[in-house]
Amino acid sequence: MGRQLLTLARGDARFAGIIELGEGSDWSQLPVPDAVVDFSAPEGLRQSLDHGRARGIALVSGATRIGDGGKRALKHAGEAIPVLHTPNF
């Protein structure tokens with residue numbers, strides 16, 4: 001799903017600054033986006049949450065198999081930034 005969304009967004013002039021990041025990517029040198037859209041594994045979701053909280057960036061997550069710890073992390077992040085999570089959308 002993430003690949004399809006990435007392809008669609010890159011082909012639509014309404015979206016600017018589309019960047020694909022992998023696990024372990026260095027986010028610190030990137031411009032601050034309006035939102036992060038995350039379709040990664042639980043480890044990548046943690047990185048997205050940490051980055052979003054640190055820089056005040058909204059998160060849209062489609063991550064699956066995040067477990068109870070991931071759900072708690074999403075809820076905790078939602079106290080500081082806008083968070084939308086729905087697996088497999």
K.L.:
Between H85 and L74 (side chain of the first, backbone of the second, donor and acceptor by atom type, cut-off under 3.5 Å), is there such a pair?
P.N.:
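No: the side chain of H85 does not pair with the backbone of L74.
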K.L.:
Does atom CG of D34 have more than 12 heavy-atom neighbours from other groups under 6.0 Å away?
P.N.:
no
K.L.:
If every non-hydrogen atom of I66 is compared with every non-hydrogen atom of P42, which pair is closest and at what distance?
P.N.:
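It is CA-CG, 4.1 Å.
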K.L.:
Is it the case that more than 12 heavy atoms not belonging to R65 sit under 6.0 Å from its CZ atom?
P.N.:
no
K.L.:
Looking only at heavy atoms, what is the nearest atom pair of H76 and R53, with distance?
P.N.:
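Smallest heavy-atom distance, with atoms named: O-NH1, 2.9 Å.
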K.L.:
Test your reading of the model: is there a side-chain donor-acceptor pair from S40 to the backbone of L45, 3.5 Å cut-off?
P.N.:
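Side chain of S40 to backbone of L45, a donor-acceptor pair under 3.5 Å: yes, one is there.
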K.L.:
Examine L8 and F39 and state if one hydrophobic cluster contains both, with Ile, Leu, Val, Met, Phe, Trp and Tyr joined whenever side-chain heavy atoms are less than 4.5 Å apart.
P.N.:
no
K.L.:
Got a second to check how far L59's CG is from H51's NE2, nearest 0.5 Å?
P.N.:
10.5 Å
K.L.:
So do the side chains of I57 and I81 get within less than 4.5 Å of each other, counting heavy atoms only?
P.N.:
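When only atoms from C-beta onward are counted, I81 and I57 do not touch, as no gap falls below 4.5 Å.
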K.L.:
Just by distance, do the side chain of R14 and the backbone of A9 share a donor-acceptor pair under 3.5 Å?
P.N.:
no
K.L.:
Please report the shortest heavy-atom distance between A73 and R46, naming the atom on each side.
P.N.:
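Distance-wise, the nearest heavy atoms are CB-NH2, 3.6 Å.
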K.L.:
What's the spacing between S28 OG and R55 CZ if we round to 0.5 Å?
P.N.:
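CZ of R55 is found 7.5 Å from OG of S28.
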K.L.:
Rounded to the nearest 0.5 Å, how far apart are CD of E43 and CD of Q47?
P.N.:
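The distance works out to 10.5 Å.
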K.L.:
With side-chain contact (heavy atoms from CB on, under 4.5 Å) as the criterion, how do V60 and D38 come out once you've worked through the C-alpha distance, each side chain's angles and the decisive distance to 0.1 Å?
P.N.:
CA-CA 6 Å; V60 177; D38 182 288; over 6 Å; no
K.L.:
When rounded to the nearest 0.5 angstrom, what distance separates CZ in F15 from CG in L6?
P.N.:
11.5 Å
